[in-house]
Amino acid sequence: MRLLIVEDEKRLAISLARGLTAEGFAVDVVHDGLEGLHRASEGAYDLVVLDIMLPGMNGYRICAALRAAGHEVPILMLTAKDGEYDEAEGLDTGADDYLTKPFSYVVLVARIRALLRRRGGSGSPVVTAGSLRMDTAARRVHLGEEEITLTAKEFAVLEQLALRAGQVVSKADILEHVWDFAYDGDPNIVEVYVSTLRRKLGAAAIRTVRGAGYRLEAL
């Protein structure tokens, strides 16, 4: 999943980005409200982590502008404010959740995963495709009774395929959601990860649909 962090405290933003990248997310970071609105408006993100006090444009206005334009991306607001009226204002402008600084990183990750599950229409952290089970909260994968060990990026690529099991997922779509905005390497990196997943799950697990992308088959 691809996340956007809009946070002007650079050390905090970089720390969050590193941690979330290690969790398997693709993460972009901006430190200015106007740039944050521009990036979020592109529609390429699965979730936005949005600070309230920002230069250029505050988080309330960004959130309101996104909702007014019809963007439904989940928004988790971060703020140093802790009054109930501040929380109410954030939620009233269209935020999906609210976390007050200082916060627990573990709680932040749990809130992000909960919002992503909610967006996908399921309250369960477990994604299934035949005998394949992906626990997105525990970051564990089982094929039947066997647990399959995956790297963070392998897990992220498989998650994109499992969420749309039986459907064709394009290489561009996988790149967009698994690698961050700054990635300018070879797009064939997707093929490398698909190849490693086939070795671990079985050659028939992921079918290449020529000119279209990849499809996770029922296992």
Side-chain angles (χ1 to χ4, degrees), residues 1-63 65-67 71-83 86-87 89-91 93-120 125 135-139 150-157 159-160 174-185:
M1 297 292 181
R2 189 172 175 187
L3 310 182
L4 174 66
I5 297 175
V6 189
E7 167 62 69
D8 65 331
E9 293 182 38
K10 293 185 178 181
R11 290 180 63 185
L12 173 61
I14 292 171
S15 176
L16 290 178
R18 286 175 177 167
L20 291 168
T21 298
E23 295 283 342
F25 295 105
V27 184
D28 295 330
V29 177
V30 296
H31 307 294
D32 174 85
L34 291 172
E35 177 65 15
L37 176 60
H38 172 70
R39 287 283 191 92
S41 297
E42 294 176 345
Y45 296 99
D46 298 289
L47 183 140
V48 177
V49 178
L50 178 63
D51 189 29
I52 289 181
M53 303 303 291
L54 292 164
M57 176 181 283
N58 69 41
Y60 296 134
R61 292 177 60 198
I62 294 171
C63 187
L66 288 171
R67 296 305 186 229
H71 295 287
E72 298 181 354
V73 60
I75 296 174
L76 174 61
M77 277 194 166
L78 301 180
T79 180
K81 297 183 176 182
D82 58 2
D86 298 316
E87 179 175 356
E89 184 174 356
L91 297 175
T93 55
D96 298 275
D97 204 352
Y98 186 103
L99 205 54
T100 302
K101 302 173 185 177
F103 53 82
S104 162
Y105 174 75
V106 173
V107 171
L108 171 71
V109 174
R111 296 278 187 91
I112 288 173
R113 294 201 187 284
L115 287 173
L116 291 172
R117 290 197 302 272
R118 193 183 308 166
R119 187 191 192 196
D135 188 327
T136 60
R139 313 299 286 172
L150 300 180
T151 66
K153 272 289 189 285
E154 289 168 355
F155 190 99
V157 171
E159 184 177 17
Q160 288 299 309
I174 295 173
L175 273 172
E176 183 176 90
H177 288 84
V178 177
W179 278 266
D180 61 31
F181 183 80
Y183 180 76
D184 61 356

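This is a predicted model, so every value here is computed, not measured.
Interatomic distance, CG of Asp51 versus CG of Leu99, reported as 11.5 Å (0.5 Å rounding). For the atom pair CG (Leu16) and CD1 (Ile112), the distance works out to 8.0 Å, reported to the nearest 0.5 Å. Remark: Arg111 CZ to Asp97 CG distance equals 4.5 Å, nearest 0.5 Å. Once rounded to the nearest 0.5 Å, the distance linking CE of Met1 with CZ of Phe25 reads 8.0 Å. In this structure, His71 NE2 and Glu42 CD are separated by 9.5 Å, a value rounded to the nearest 0.5 Å. Interatomic distance, Leu175 CG to Gln160 CD, rounded to the nearest 0.5 Å: 11.0 Å.
Counting only heavy atoms from C-beta outward, the side chains of Ile14 and Val29 never approach each other to under 4.5 Å. Val49 places none of its side-chain heavy atoms less than 4.5 Å from the side chain of Glu7. Contact annotation: the side chain of Val178 approaches that of Lys153 to within less than 4.5 Å [non-hydrogen atoms, C-beta and beyond]. Ser41 places a side-chain heavy atom less than 4.5 Å from the side chain of Leu66. Looking at heavy atoms from C-beta onward, Ile75 lies out of side-chain contact with Ile62 at the 4.5 angstrom threshold.
Applying the salt bridge (charged side-chain N to carboxylate O under 4.0 Å, His left out) rule to Arg67 yields the partners Asp96; only residues at least two apart in sequence or on another chain are considered. In terms of the salt bridge (charged side-chain N to carboxylate O under 4.0 Å, His left out) criterion, residue partners of Glu23 (sequence neighbours excluded) are, by chain and number, Arg113.
Looking at Tyr105, its side chain never comes within 3.5 Å of a backbone N or O of Ser15 through a donor-acceptor pair.
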request  = I would like to know whether Val73 and Leu4 meet side-chain contact (heavy atoms from CB on, under 4.5 Å); could you show each step before the answer?
outcome  = CA-CA 10 Å; Val73 60; Leu4 174 66; over 6 Å; no
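Looking at every heavy atom in both residues, Leu37 comes nearest to Ala65 through CD1-CB, 4.0 Å. For the residue pair Ala156 and Gly24, the shortest heavy atom distance occurs at CB-O, 3.3 Å. Between Met77 and Gly59, the shortest heavy-atom contact is CE-O, 3.4 Å.
Each of Leu50, Thr100, Leu108, Val6 was scored for a side-chain contact (heavy atoms from CB on, under 4.5 Å) with Leu78, with one residue passing: Leu108.
Legend: salt bridge (charged side-chain N to carboxylate O under 4.0 Å, His left out) pairs involving residues 8-20, not counting sequence neighbours, sorted by first then second residue: Glu9-Lys101.
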